[in-house]
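In what follows, a structure is listed as structure tokens, so that the remarks can point back to it.
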Number of protein chains: 2
Amino acid sequence: MSAPRQKHGKKAPYRRSRQRDRILTLLRSTDSHPTANWLYARLRKEFPDLSMGTVYRNIGILVEQGLISRIAFGSTFDRLDAKVAPHYHFICEQCGAIHDLDVAPNKDILGRISPPKGFEVRRHEIELYGLCAKCTARP
Amino acid sequence: MSAPRQKHGKKAPYRRSRQRDRILTLLRSTDSHPTANWLYARLRKEFPDLSMGTVYRNIGILVEQGLISRIAFGSTFDRLDAKVAPHYHFICEQCGAIHDLDVAPNKDILGRISPPKGFEVRRHEIELYGLCAKCTARP
DNA sequence: GTTCATGCAAATCGTTTGCACAATG
DNA sequence: CATTGTGCAAACGATTTGCATGAAC
């Protein structure tokens with residue numbers, strides 16, 4: 001959700017920065033899915049007065065450029081559900097509406113999806129993202 | 001993540017409260033997956049000086065009682081990923097580690113999982129939750 | 001030299017918590 | 001009456017933003 005920083009919706013002509021370069025390099029060097037804070041701690045050794053603002057701004061730019069992705073799910077706030085039985089969700093990317101799906105979760109549904117050996121799967125979630133009927137009609 | 005409020009890990013002997021009753025009723029009356037804030041706005045008409053603290057505390061209790069569930073995904077902070085190609089994740093419920101899964105996302109994997117008609121699916125996510133190898137070994 | 005990126009600090013947002021008082025069992 | 005639940009306000013943690021200065025192009 002980082003705002004474009006230019007007038008007419010044109011593509012932003014980003015300049016290079018040592019900080020952003022390092023952030024990308026660091027992220028590419030690990031598969032541990034770091035947090036912003038991890039990056040901050042790591043980079044503070046190279047840039048003693050690095051600020052969190054810079055880290056977050058650069059993450060936003062890198063995401064916008066498609067060079068990295070955020071593992072975030074929908075909104076930042078919790079949605080509640082009185083339907084306790086496990087079920088899957090459809091999330092509308094336009095209006096944010098969440099709809100329950102009919103299929104009952106079942107291990108068989110996962111088919112050949114399995115974790116590395118030694119891992120124990122207790123539950124799973126599936127989310128479909130796209131446009132709900134309302135938003136498909138009125139784009 | 002609401003803390004039990006009693007000594008020896010015994011089950012908490014919750015008392016009843018008008019506010020909590022209404023929260024549950026309201027949640028059961030809709031399938032729109034409300035937010036805490038929606039509940040607050042709604043209930044303020046009945047309880048003019050309801051507080052957010054009360055809403056959140058009761059949500060916590062209801063979740064603990066298994067009467068409702070939170071549609072929240074893993075941690076509250078974003079995890080980053082330089083692997084841009086879509087892929088599924090395994091999340092360890094004990095240590096929070098996130099691991100990439102091997103299978104390449106593919107519509108076929110969804111099998112008979114489909115949204116209501118009129119909906120357009122653009123992408124999907126699958127997350128497995130459980131214990132990673134490390135945590136399985138050392139519980 | 002114009003514009004973007006940075007550091008700093010303050011602000012924002014959803015959520016949590018400490019406290020004194022009211023309500024429950 | 002022993003505790004839990006409430007309202008209030010302050011605290012919290014992750015993230016965002018306004019502003020003056022420094023770096024890219």
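All heavy atoms count here, side chains included; hydrogens, waters and symmetry mates do not. What you are looking at is a predicted structure, and each value in this text was computed from that prediction instead of being measured. Residue numbers begin at 1 in each chain, while the letters A, B, ... track the order of the sequences.
For the pair A:Asp31 and B:Lys83, the salt-bridge criterion is not met [side-chain N within less than 4.0 Å of a carboxylate O].
Using cut-offs of 30° and 60° on the angle between ring planes, the pair B:His89 and A:His33 is perpendicular.
Counting heavy atoms from C-beta on, the side chains of B:Tyr88 and B:Ile109 come closer than 4.5 Å. Residues B:Ile59 and B:Leu39 are in side-chain contact: their nearest non-hydrogen atoms beyond the backbone lie under 4.5 Å apart. Counting heavy atoms from C-beta outward, B:Arg79 and A:Thr35 have side chains that approach closer than 4.5 Å.
Residue B:Gln19 places none of its side-chain N or O atoms closer than 4.0 Å to OP1 or OP2 of D:dG5.
Remark: A:Arg122 fails to qualify as a cation-pi partner of B:Tyr129 under the 6.0 Å distance and 45° angle criteria applied to the six-membered ring.
One atom, CG of A:Asp78, and another, P of C:dC13, lie 17 Å apart when rounded to the nearest Å. Atom C1' of nucleotide C:dA23 and atom CG of B:Asp21 are separated by 13 Å, given to the nearest angstrom. Separating the CD atom of B:Glu64 from the P atom of D:dG5 is a distance of 10 Å, rounded to the nearest angstrom. Spacing between atom CZ of B:Arg79 and atom C1' of D:dT15 amounts to 16 Å, rounded to whole angstrom units. One atom, OH of A:Tyr40, and another, P of D:dG13, lie 15 Å apart when rounded to the nearest Å. Computed from coordinates, the A:Ile23 CD1 to C:dA5 C1' distance equals 11 Å when rounded to whole Å. Going from atom CZ of A:Arg44 over to atom C1' of C:dT6 covers 14 Å, rounded to whole Å. Nucleotide C:dT6 holds its P atom 12 Å from the CD1 atom of A:Ile59, rounded to whole Å.
Among the nucleotides D:dA24, D:dG5, D:dT3, the one closest to any side-chain atom of A:Arg16 is D:dA24. Checking C:dA5, C:dT15, C:dT24 against the side-chain heavy atoms of B:Arg18 singles out C:dT24 as nearest. Side-chain proximity of A:Tyr56 to the nucleotides D:dG5, D:dT16, D:dT4 is greatest for D:dT16. Closest approach to the B:Arg20 side chain among D:dT15, C:dT15, D:dG5 is made by D:dG5 (side chain taken as heavy atoms from C-beta onward). Listed nucleotides: C:dA5, C:dT15, D:dA2. Nearest to the side chain of A:Ile61: C:dA5. Of the candidate nucleotides C:dA5, C:dT24, D:dT6, D:dT6 has the atom nearest to the side chain of B:Ser17.
Annotation: proximity of residues 46-54 of chain A to DNA chain C (heavy atom, distance under 4.0 Å) is found for A:Asp49, A:Leu50, A:Ser51, A:Thr54, numbered in ascending order.
The structure places CD1 of A:Ile23 at 12.0 Å from OH of A:Tyr40, a figure rounded to the nearest 0.5 Å. Distance check, rounded to the nearest 0.5 Å: CD1 of B:Ile113 to CD of A:Glu127 gives 10.5 Å.
Each of B:Leu62, B:Val55, B:Thr25, B:Thr54 was evaluated against B:Arg20; a single residue qualifies, B:Leu62, per the side chain to side chain contact (heavy atoms under 4.5 Å, CB included) test.
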What nitrogen or oxygen pairs link the protein and nucleotides 19-21 of chain C at under 3.5 Å?
none

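Contacts of B:Phe119 classified as side chain to side chain contact (heavy atoms under 4.5 Å, CB included), with partners at least two apart in sequence or in another chain: A:Phe90, A:His99, A:Cys132, A:Ala133, B:Pro115, B:Pro116.
Nucleic acid contact class of A:Asn58 (heavy atoms, under 4.0 Å, all strands): sugar-phosphate only.
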